[in-house]
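Have a look at the structure below before the remarks.
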Amino acid sequence: MPYDPRAIEPRWQAYWLEHETFRCEVDSTRPKYYVLDMFPYPSGDGLHVGHPEGYTATDIVARYKRMRGFNVLHPMGWDAFGLPAEQYAIKTGTHPRITTRRNVENFKRQIQALGFSYDWSREIDTTDPSYVRWTQWIFRLLHERGLAYEAEVAVNYCPALGTVLANEEVIDGKSEIGGHPVVRLPMKQWMLRITAYAERLLADLDELDWPEPIKKQQRDWIGKSEGARVRFSVEGRPGREVEVFTTRPDTLFGATYLVLAPEHPFVEEITTPERREAVRAYVEAAARKSERARMADAREKTGVDTGARATNPCSGESIPIWIADYVLAGYGTGAIMAVPAHDERDHAFALAFGLSIREVVKGGDVSREAFTGDGIAVGSGILDGLATPEAKRRITAWLEEKRCGERAVTYKLRDWLFSRQRYWGEPFPLLHEPDGSVRLLRDDELPLLLPDLDDFRPAEGGGTPLERATDWIETTDPVTGARARRDPNVMPQWAGSCWYYLRFCDPTNDRAPFSPEAERYWMPVDLYVGGAEHAVLHLLYSRFWHKVLYDAGLVHTKEPFSKLVNQGMILGSSYRYWDDNLSDDPEAKPRVHPTTDVRIDGEHAIAIDDGREVKARWVPVKDVRFGPEKTPFHPTIDGLVLEEVVEKMSKSRGNVINPDEVVAHWGADSMRLYEMFIGPLEKAAPWSTEGIAGVHRFLQRAWRLVIDEEAPDEPVRELPTGSGTPEQARLVARTIAGVTEDLENLAFNTAISKLMVLARDVAKEAPLSRDAAETFLKLLSPFAPHLAEELWNRLGHAQSIALEPWPSADPTLLVADTITLAVQVNGKRRDEIRVAADADAATVEAAALAAPNVVRHLEGRAPKKVIVVPGRLVNIVG
RNA sequence: GCCGGGGUGGCGGAAUUGGCAGACGCGGUGGCCUUAGAAGCCACCGUCCGGAAGGACGUGCAGGUUCGAGUCCUGUCCCCGGCACCA
């Protein structure tokens with residue numbers, strides 16, 4: 001029988017499970033290696049081919065490290081709280097718990113069919129009461145440490161949908177779904193004080209082996225800026241001071257007006273009677289706009305004068321106070337001093353409203369545009385003649401001395417809005433007492449589980465789904481005996497993923513989230529692989545929780561994830577054409593156009609022949625007909641050529657590849673190998689069916705290397721003992737060294753190409769030796785574990801190849817006795833010479849000068865200079 | 001606009017960091033095997049000139065440094081990702 005993955009793969013998957021081959025335990029006598037995938041949300045659609053890319057990479061590393069003698073922790077679990085299951089529940093009434101269980105089973109089946117070496121005894125599910133308990137326990141810890149608090153926060157509320165929406169779900173002040181109006185409404189929310197950790201979250205990035213772009217995104221998100229706070233007294237209101245934050249205190253003499261955010265607490269009070277009307281209208285309009293909408297029309301500066309005036313603490317000058325929505329309430333002090341000469345936004349605003357512009361730093365033409373660079377201070381009293389950095393120091397000292405300002409650091413990072421008006425999440429482990437206080441539940445009251453509901457919609461009048469469970473919300477506090485209310489919100493999906501990597505260390509502990517012994521042994525995560533889309537959310541939130549746990553003495557490392565790698569996306573080919581059925585009328589008989597007859601004009605696509613607007617239509621890959629030369633055609637409209645577009649896989653494009661089908665057709669080993677061979681792990685690459693056929697052929701070749709398919713009963717070939725010819729031994733040694741190095745660098749694609757070379761050449765001149773065959777299988781086993789196990793077994797080994805030690809290369813075989821050197825004349829390759837590997841420069845030079853083509857090109861001239869690069873080449877300049 | 005990353009054959013991608021550009025795979029062409037197909041195996045495939053030997057050109061574009069540049073420097077164009085009134 002030829003290589004048949006369908007026969008061998010399920011057998012080995014069952015073997016690994018049954019023998020618990022990959023189970024691991026704390027073992028202080030051995031070095032540990034913790035390799036982790038970002039655990040998935042088990043969606044109803046199941047796995048797509050993008051998931052296994054990262055999982056395959058970590059699996060290869062896990063298997064390799066085990067063979068290198070490491071005690072490897074390689075777990076998998078489910079980030080199972082989340083919105084899709086809840087939306088499904090609203091539609092069908094099916095409890096999210098049922099949906100989640102079904103989806104988890106499907107994900108697990110798909111993941112196991114790929115032969116990953118997870119320790120399944122450590123599987124965790126964030127919705128499991130035994131997990132929720134400890135998530136709630138950690139929330140209580142945060143609360144005890146003063147890091148969780150309730151606050152009135154403006155949220156996006158959509159009355160028509162009866163729910164609160166995330167910023168991303170609001171577009172131009174309307175709901176993304178249905179286009180209903182959205183208002184900003186203050187609601188009482190749980191907040192986490194992540195800002196208290198801003199400095200450490202920033203500083204500790206330096207020690208992490210993470211992709212630089214991710215670190216940069218986190219730095220930008222935290223957004224540290226250094227400058228000064230300055231207080232301006234409000235004229236006519238003694239004791240009232242507007243505090244502003246600026247990174248350019250040196251430009252204080254150029255401040256020609258102040259601007260408050262429309263939400264600033266002073267607005268109401270300081271506005272003069274004659275300006276009241278205009279100010280109120282502006283504030284209301286700003287409140288209606290979502291933050292996103294405010295950013296959308298950022299170009300046009302709007303604002304109104306409050307009529308109030310402030311005194312510049314330095315110059316004593318009287319300047320107007322305006323409000324404008326280009327000043328954000330949530331950043332700094334919610335107020336700025338405007339220096340139009342040296343800030344682009346202030347410049348634009350000053351031009352729009354005819355406010356004065358005063359140059360205080362030399363270097364530009366401030367009547368034309370703001371000069372934001374450093375320069376020499378002018379018109380600034382005590383600062384005149386100073387360069388910007390020195391001017392900053394001088395003025396800050398002056399402000400501190402006069403007590404009207406001080407050095408200050410501000411962060412863009414805001415506290416984390418931690419409650420969601422949803423059902424399918426962790427309930428808050430606390431009671432609201434009649435006196436307004438909050439009592440956190442004790443250990444013996446945890447976990448607090450969700451009540452069962454029949455209707456999962458938000459409650460009437462802006463309430464949360466949990467408010468439908470009145471006898472769950474209204475309860476009695478067993479401690480005080482008084483009536484108390486449970487919190488109607490749940491935690492966001494990020495909560496469970498903030499600490500799951502710690503639970504994996506000790507997943508069944510029922511006395512603590514994890515034991516100190518397990519944490520001390522397994523942490524930190526040595527390699528963490530996942531998508532870059534979590535750059536700031538999950539990866540920042542979990543770093544925050546980790547630092548809190550560190551301060552509480554529960555973990556011993558400052559950071560959870562030592563090394564992070566982002567896998568690239570696997571792209572799909574989609575096929576499109578165009579038609580003029582813009583309204584998607586199902587009855588219409590539209591005119592259709594291939595892409596070659598369409599031109600894109602800004603936002604619109606126009607048919608070239610009749611100038612009418614057309615809309616893209618996508619044909620699912622499986623329906624496309626391929627003509628000669630692989631030209632894609634529409635399935636039913638004859639002669640309509642489709643355009644191939646390579647892009648992210650998505651249902652709407654019909655270009656999603658299902659791993660189940662790939663495994664059924666080619667086998668898990670081919671799928672694993674293909675996803676690793678397609679290119680570097682970090683890079684996006686298109687899926688190709690021809691490509692997978694290529695790696696499948698390689699596995700067939702590997703099979704035939706060991707199995708004699710020609711002979712009756714297809715026995716294992718006769719493999720001579722020993723290591724074969726010197727050439728074979730050298731090839732094997734080179735492959736060991738190369739594959740090992742590539743694995744250390746996570747360069748899976750080049751490792752596979754080296755294995756292909758070995759399979760192609762190793763039995764060319766002489767029969768394959770037993771040593772070479774066994775070494776090859778060991779090197780192949782992390783990539784194609786099923787095939788490797790099967791052949792290893794047929795070679796007569798009773799124990800799993802996964803438990804074999806990794807081969808090491810004989811260093812003496814890595815250096816050849818004779819080597820080929822290229823010989824260049826004036827930098828152009830003209831000939832080559834074979835010399836002893838240890839030949840000295842003089843010998844090499846002589847041989848190079850004697851090479852026939854070199855002699856020809858020198859045409860009798862004496863070489864001016866000869867450069868010998870040992871082991872590489874000789875360049876003759878003549 | 002700002003900040004990252006990147007432009008190498010028909011395609012995915014290699015190239016030990018300044019030393020033989022195009023490994024490996026896909027795709028293509030020709031051949032072997034076969035009753036035939038499939039599969040498999042072998043050879044060739046950057047472009048141009050040439051029957052060949054060989055030569056010229058060649059890593060987005062234009063310069064530069066160097067004995068030698070895909071790799072370093074300057075300028076420039078394009079693509080992908082992130083951020084976008086954060087004072």
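Chain A is the first sequence line, chain B the second, and so forth, proteins listed ahead of strands; every chain is numbered from 1. Fair warning: this is a prediction, and the values are worked out from it, not measured in the lab.
Nearest to the side-chain atoms of A:Ser225 among the listed nucleotides B:rG13, B:rA15, B:rA87 stands B:rA87. Listed candidates were B:rC67, B:rA87, B:rC85. Nearest to the side chain of A:Asp325 is B:rC85. Residue A:Asn875 has its side chain nearest to B:rG19 when only B:rG40, B:rG19, B:rG13 are considered. When each of B:rG25, B:rA87, B:rC57 is scored by its nearest atom to the side-chain atoms of A:Thr247, the top-ranked nucleotide is B:rA87. Residue A:Pro213 places its side chain closer to B:rG4 than to any other of B:rA87, B:rA15, B:rG4. The side chain of A:Met756 approaches B:rC24 more closely than any other nucleotide in the set B:rC24, B:rA87, B:rG55. Distances from the side chain of A:Pro686 to the nucleotides B:rG12, B:rG55, B:rG40 place B:rG12 closest. Closest to the side chain of A:Gln217, out of B:rC26, B:rG82, B:rA87, is B:rG82. Distances from the side chain of A:Leu873 to the nucleotides B:rC20, B:rA87, B:rG13 place B:rC20 closest. Residue A:Lys216 has its side chain nearest to B:rC3 when only B:rA14, B:rC24, B:rC3 are considered.
B:rG22 and B:rC11 have their C1' atoms separated by 13 Å, with the value rounded to a whole Å. Here, B:rC80 and B:rU74 have their P atoms 25 Å apart, quoted to the whole Å. When the C1' atom is used for both B:rG13 and B:rU59, the distance is 13 Å, rounded to whole Å. Taking atom P in both B:rU29 and B:rG37, one finds a spacing of 15 Å when rounded to whole Å. Taking atom P on both B:rU17 and B:rC72, the two are 13 Å apart, rounded to the nearest angstrom. Rounded to whole Å, the P atom of B:rG63 lies 27 Å from the corresponding atom of B:rG5. Comparing the P positions of B:rG19 and B:rG10 gives a spacing of 26 Å, expressed to the nearest Å. Look at the P atom in both B:rU16 and B:rU65: the space between them is 25 Å, to the nearest Å.
A:Gln824 comes within contact range of at least one nucleobase, with a heavy-atom separation under 4.0 Å. Within 4.0 Å of A:Gly332, counting heavy atoms only, lies no atom of the nucleic acid at all. Nucleic acid contact class of A:Asn749 (heavy atoms, under 4.0 Å, all strands): sugar-phosphate only. Counting non-hydrogen atoms under 4.0 angstrom, A:Lys864 reaches nothing in the nucleic acid. A:Ile867 comes within 4.0 angstrom of a nucleotide base, judged by non-hydrogen atoms across all strands. Within the 4.0 angstrom heavy-atom criterion, no nucleotide atom of any strand lies near A:Ala693.
The nucleotide B:rG18 finds no pairing partner, because no Watson-Crick or G-U wobble arrangement with both distances shorter than 3.5 Å includes it. Shown here, B:rG25 forms a base pair with B:rC11; the pair counts as Watson-Crick or G-U wobble because both key distances fall under 3.5 Å.
Between A:Lys764 atom NZ and B:rC41 atom C1' there is a gap of 11 Å when expressed in whole angstrom units. As a whole-Å value, the separation of A:Leu699 CG from B:rC24 P is 18 Å.
One finds no side-chain N or O of A:His857 lying less than 4.0 angstrom from the OP1 or OP2 phosphate oxygen of B:rG54. At B:rC41, none of the side-chain N or O atoms of A:Arg697 fall inside 4.0 Å of OP1 or OP2 (strictly under the cut-off). Side-chain N/O atoms of A:Arg704 include one lying less than 4.0 angstrom from OP1 or OP2 on B:rC41.
No option in A:Glu682, A:Glu675, A:Glu53 other than A:Glu53 meets the side-chain contact (heavy atoms from CB on, under 4.5 Å) test with A:Gln567. For the side chain to side chain donor-acceptor pair (under 3.5 Å) with A:Glu832, the lone residue among A:Arg830, A:Arg834, A:Arg829 that qualifies is A:Arg829. The only option from A:Thr306, A:Leu258, A:Leu355, A:Leu260 that meets the side-chain contact (heavy atoms from CB on, under 4.5 Å) definition with A:Trp322 turns out to be A:Leu355.
Along RNA chain B, the nucleotide nearest to A:Tyr331 and the one nearest to A:Ala685 differ in position, and the one closer to the 5' end is contacted by A:Ala685.
A donor-acceptor contact under 3.5 Å is formed by the side chain of A:Lys301 with the base of B:rC85.
Under a 3.5 Å cut-off, the side chain of A:Thr410 and the backbone N or O of A:Ser225 do not form any donor-acceptor pair. Judged by distance alone, the side chain of A:Asp831 and the main-chain N or O of A:Ala851 form no donor-acceptor pair under 3.5 Å. In this structure, the side chain of A:Tyr282 engages the main chain of A:Thr302 through a donor-acceptor pair within 3.5 Å.
Ring pair A:Phe353/A:Phe349 is tilted by interplanar angle, where 30° to 60° counts as tilted.
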